Peer 1: 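First the structure, then my questions, so here it is.
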Amino acid sequence: MAATLSTLAYLVAAVLFILALRGLSHPTTSRQGNLYGMVGMGIAIVATLLRPGMGGGGIGLIILALAIGGGAGAYIASRIQMTALPQLVAAFHSLVGLSAVFVAAAAFYAPESFGIGHAGEIHGGSLVEMSLGLAIGAITFSGSVIAFAKLQALMSGAPITFKGQHWLNLGLGILLLVLIIAFVASGSAALFWLIAILAFALGFLLIIPIGGADMPVVVSMLNSYSGWAAAGIGFTLSNLLLIVTGALVGASGAILSYIMCKGMNRSIINVLLGGFGTDAGGAAAGGGGGAERAPVKAGSPEDAAYIMKNAQKIIVVPGYGMAVAQAQQVLREMGDLLKKEGAQVEYAIHPVAGRMPGHMNVLLAEANVPYEDVKELEEINPEFAEADVAFVIGANDVTNPAAKTDKSSPIYGMPILDVERAKTVFFIKRGMASGYAGVDNELFFRPNTMMLFGDAKKVTQEIVQALQRD
Amino acid sequence: MNPTDLANQASATAQRALELAQQARVLAETHVAPVAAAADPFLYLLTIFLLACFVGYYVVWNVTPALHSPLMGVTNAISSVIVVGAILATGLGESIAAQVFGFLAAALAAVNIFGGFIVTRRMLAMFQSKKKG
């Protein structure tokens, strides 16, 4: 295929990718959008295979690589549990990063293939772009591996911090820049690999201080990085499609990171510096001042069933605890039963519920909760005042009124779901432990709050049984 | 001044202009052209990149928050378009090293392409409008 034709095909693919993202503006158009994405990718691959100079043996190798990788990807993706989605996405990001590293290496050893000079005398500009793609790709790889390990609980989700950590990272960052400059000046292979190793180390060090509860931001951020890595490689290869796609993905990840940070009222810098949660125990002890508190009112599932049966409007607030307990199916059953009783049942999702953006929505959708009943924070907050029952299952910090009133609280300023305005608030919790931020929730002690202690799934099951009984 | 002189002068001026134009062309070819060739493609790519950032910005803000997980799935899949570079490295076969790296990169990207689109499809299938009641 002539160069003009393949460029044209790349342009079509880029437009299809934009349409794929555009389709996600509504669930009804989203599946069509995903199809556009697949077609775009198909066009890009075929157009590349048809470029002049493609040898027969080479094509065989490519098909073999695509078959091995594609088979593995298809196998994993069709079997993965939706609760494990965040770690799957983290793992996928790491592969994009490593892939970028390998493409950069291929371009370094065979610059003729990409028209950027000859081995040993690659154009300066291309070396700059190549080293950027390489470094970002390597950081994405090792950072995502750590994110994966934390999400998969292969390593503790607790932040790993040590003295002088930030100075070490800063120093390594500067060293990385120096190496890139030296590499551009010399074009040496040793420096190329030194950049790769240093960037691997930096990605690792950047993610270890970030705690488990901040993973939504990390996953979004690595999503963004994988885009910038692709764009960097796109500049190296002067490939329009890679540049456009990289920019789209980079922008998307950046916006998601921003939304997640806003959901926690924290700056991206604050999240990246990490360590959140380590000193929270002290903050809770100091900020709580828990004198003369009313005793906690605990109730039974039967009590909850009785109250909800007579309720007109019920708002369910699911948190990550619900997903851990795998309570989404039985939660939906409870919703169905209550709807049959004539109640209006809605679900309120906090922006940072779950372990990645939109995770809770997927889990509820998987349990066949109609997406029309699932509301975002801004949409649902005014409705709590009219609600008879707020049913909080596996969530805590995102309902804590201290975020609005207590300036000394670590979660002060975080947007919260106004469950306290509902007539009755149910909290399903295993015990009185505080949430990720390590803060006490004063709601537990309010007269209109009833605690339902136990496993989220078990308690909900008992409520369902009580509802069915009478 | 008689017409003949005028005509001669005009023709001499024209001749001079022609020579100047030729000199300018030679200058342009020897000096300006390489500069333009070196700067233009990069600026052209940078323009595309920045415009694509803006397109991404507006398109992604339009994505409904309920579909943020599928958004990550799709962006994951399409960022693996890096496979294009891997295919070129493997297929053109300029060096063994490049072929090996290209092969590895293509396999990794393929995991993402298939995995990303399939997992997104699974997620989106759950967001079908449910008939109530």
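This is a predicted model, so every value here is computed, not measured. Chain A is the first sequence line, chain B the second, and so forth, proteins listed ahead of strands; every chain is numbered from 1.
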Peer 1: Report the C-alpha separation of A:Y75 and B:F114 in whole Å, then their side-chain angles, then the decisive distance to 0.1 Å, and conclude whether the side chain to side chain contact (heavy atoms under 4.5 Å, CB included) test is met.
Peer 2: CA-CA 9 Å; A:Y75 179 81; B:F114 283 80; over 6 Å; no
Peer 1: Is B:N76 close to A:V249 at the side-chain level, that is, under 4.5 Å between some pair of heavy atoms?
Peer 2: no
Peer 1: Between B:G56, B:S79, B:G73, who has the most heavy-atom pairs with chain A when the cutoff is under 4.5 Å?
Peer 2: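 Answer, by heavy-atom pair count under 4.5 Å with chain A: B:S79.
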Peer 1: Do you know the tightest heavy-atom contact between B:M72 and A:L256?
Peer 2: CG-CD1, 3.7 Å
Peer 1: Looking at B:A77, B:C53, B:A107, B:S80, which one has more heavy-atom pairs under 4.5 Å with chain A than the rest?
Peer 2: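 Going by pairs under 4.5 Å, I would pick B:A107.
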Peer 1: Can you check whether B:V74 reaches A:F17 side chain to side chain, under 4.5 Å on heavy atoms?
Peer 2: no
Peer 1: Could you walk me through whether A:L85 and B:V119 pass side chain to side chain contact (heavy atoms under 4.5 Å, CB included), step by step?
Peer 2: CA-CA 9 Å; A:L85 207 53; B:V119 84; 3.8 Å; yes
Peer 1: Locate the shortest heavy-atom distance separating B:A89 from A:A106; write the atom from each residue and the value.
Peer 2: CB-CB, 3.5 Å
Peer 1: Identify which part of A:I233 has an atom lying under 4.5 Å from any heavy atom of chain B, answering side chain, backbone, both or neither.
Peer 2: side chain
Peer 1: Side chain from CB out, backbone as N, CA, C, O: work out which of these in A:M41 comes under 4.5 Å of a heavy atom of chain B, or both, or neither.
Peer 2: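 Interface part for A:M41: side chain.
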Peer 1: Can you tell me how far the CG atom of B:L45 sits from the OG1 atom of A:T236, to the nearest 0.5 Å?
Peer 2: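 If I round to the nearest 0.5 Å, the distance is 10.5 Å.
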Peer 1: To the nearest 0.5 Å, how far apart are CD1 in A:I243 and CG in B:L51?
Peer 2: 11.5 Å
Peer 1: With a 4.5 Å limit on heavy-atom distance, are the side chains of B:F101 and A:V101 in contact?
Peer 2: no
Peer 1: Can you say whether B:I96 sits under 4.5 Å from chain A via the side chain, the backbone, both, or neither, judging by heavy atoms?
Peer 2: neither
Peer 1: Looking at A:V103 and B:A86, what are the two nearest heavy atoms and their distance?
Peer 2: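 Closest approach of A:V103 to B:A86: CG2-N, 3.9 Å.
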Peer 1: Does any part of the side chain of B:I113, heavy atoms only, come nearer than 4.5 Å to the side chain of A:I45, both counted from C-beta?
Peer 2: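 SC-SC contact between A:I45 and B:I113 confirmed.
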Peer 1: Tell me if the CZ atom of A:R22 is crowded by more than 12 foreign heavy atoms within 6.0 Å.
Peer 2: no
Peer 1: Taking every non-hydrogen pair under 4.5 Å, which of A:K340, A:M82, A:H26 racks up the most with chain B?
Peer 2: A:M82
Peer 1: Side-chain donor-acceptor pair under 3.5 Å between A:N223 and B:T75, yes or no?
Peer 2: yes
Peer 1: How close do A:L237 and B:G85 get, heavy atom to heavy atom, and via which atoms?
Peer 2: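 Scanning both residues, the minimum pair turns out to be CD1-CA, 3.6 Å.
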Peer 1: So does B:F49 have more than 12 non-hydrogen atoms from other groups sitting under 6.0 Å from CZ?
Peer 2: yes
Peer 1: Sort B:A106 into side chain, backbone, both or neither according to what part of it lies under 4.5 angstrom from a heavy atom of chain A.
Peer 2: both
Peer 1: Find the one option among A:A230, A:A104, A:A105, A:A251 whose heavy-atom pairs under 4.5 Å with chain B are most numerous.
Peer 2: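 Most heavy-atom pairs within the cutoff with chain B belong to A:A105.
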Peer 1: Does the A:S25 side chain pair with the main chain of B:V63, one donor and one acceptor, at a distance under 3.5 Å?
Peer 2: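 Here the side-chain-to-backbone pair does not exist.
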Peer 1: Is the closest side-chain heavy-atom distance between A:Y371 and B:L67 below 4.5 Å?
Peer 2: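 No. Closest side-chain heavy atoms not under 4.5 Å.
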Peer 1: Between B:L71 and chain A, with a heavy-atom cut-off of 4.5 Å, which part of the residue counts as in contact: side chain, backbone, both or neither?
Peer 2: both
Peer 1: Determine, stepwise, if the pair A:E376 / B:T64 fulfils side chain to side chain contact (heavy atoms under 4.5 Å, CB included).
Peer 2: CA-CA 10 Å; A:E376 304 301 320; B:T64 170; 5.6 Å; no
Peer 1: How far apart are the C-alpha atoms of A:L364 and B:M126, what are their side-chain angles, what is the distance that settles it, and do they pass the side chain to side chain contact (heavy atoms under 4.5 Å, CB included) test?
Peer 2: CA-CA 9 Å; A:L364 289 178; B:M126 296 166 188; over 6 Å; no
Peer 1: For a 4.5 angstrom cut-off between non-hydrogen side-chain atoms, does B:F103 reach A:I62?
Peer 2: no
Peer 1: Please check this pair: side chain of B:S69 against backbone of A:H359, looking for a donor-acceptor N/O pair closer than 3.5 Å.
Peer 2: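 Flag set: sc B:S69 to bb A:H359 pair under 3.5 Å.
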Peer 1: Of all residues at least two apart in sequence or in a different chain, which pass the side-chain contact (heavy atoms from CB on, under 4.5 Å) check with A:P351?
Peer 2: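 Scan of A:P351 (side-chain contact (heavy atoms from CB on, under 4.5 Å), adjacent residues dropped) gives A:L377.
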Peer 1: With a 4.5 angstrom heavy-atom cut-off, is it the side chain or the backbone of B:V84 that approaches chain A, or both, or neither?
Peer 2: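 Both parts, heavy atoms under 4.5 Å.
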Peer 1: Counting only N and O atoms by type, is there a donor-acceptor contact under 3.5 Å from the side chain of B:R121 to the main-chain atoms of A:N34?
Peer 2: no
Peer 1: For chain A, which of B:Q99, B:R122, B:M123 has the most heavy-atom pairs under 4.5 Å?
Peer 2: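 Winner by heavy-atom pair count: B:R122.
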Peer 1: Counting only heavy atoms not in A:Y109, do more than 12 fall under 6.0 Å of its OH?
Peer 2: yes
Peer 1: Contact part of B:V83 toward chain A, heavy-atom cut-off under 4.5 Å: side chain, backbone, both or neither?
Peer 2: side chain
Peer 1: Ignoring hydrogens and geometry, is there a side-chain-to-backbone donor-acceptor pair from A:R51 to B:G91 under 3.5 Å?
Peer 2: no
Peer 1: Just how far is it from atom CD1 of A:I259 to atom NE2 of B:H68, taken to the nearest 0.5 Å?
Peer 2: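 Spacing of CD1 (A:I259) from NE2 (B:H68) equals 4.0 Å.
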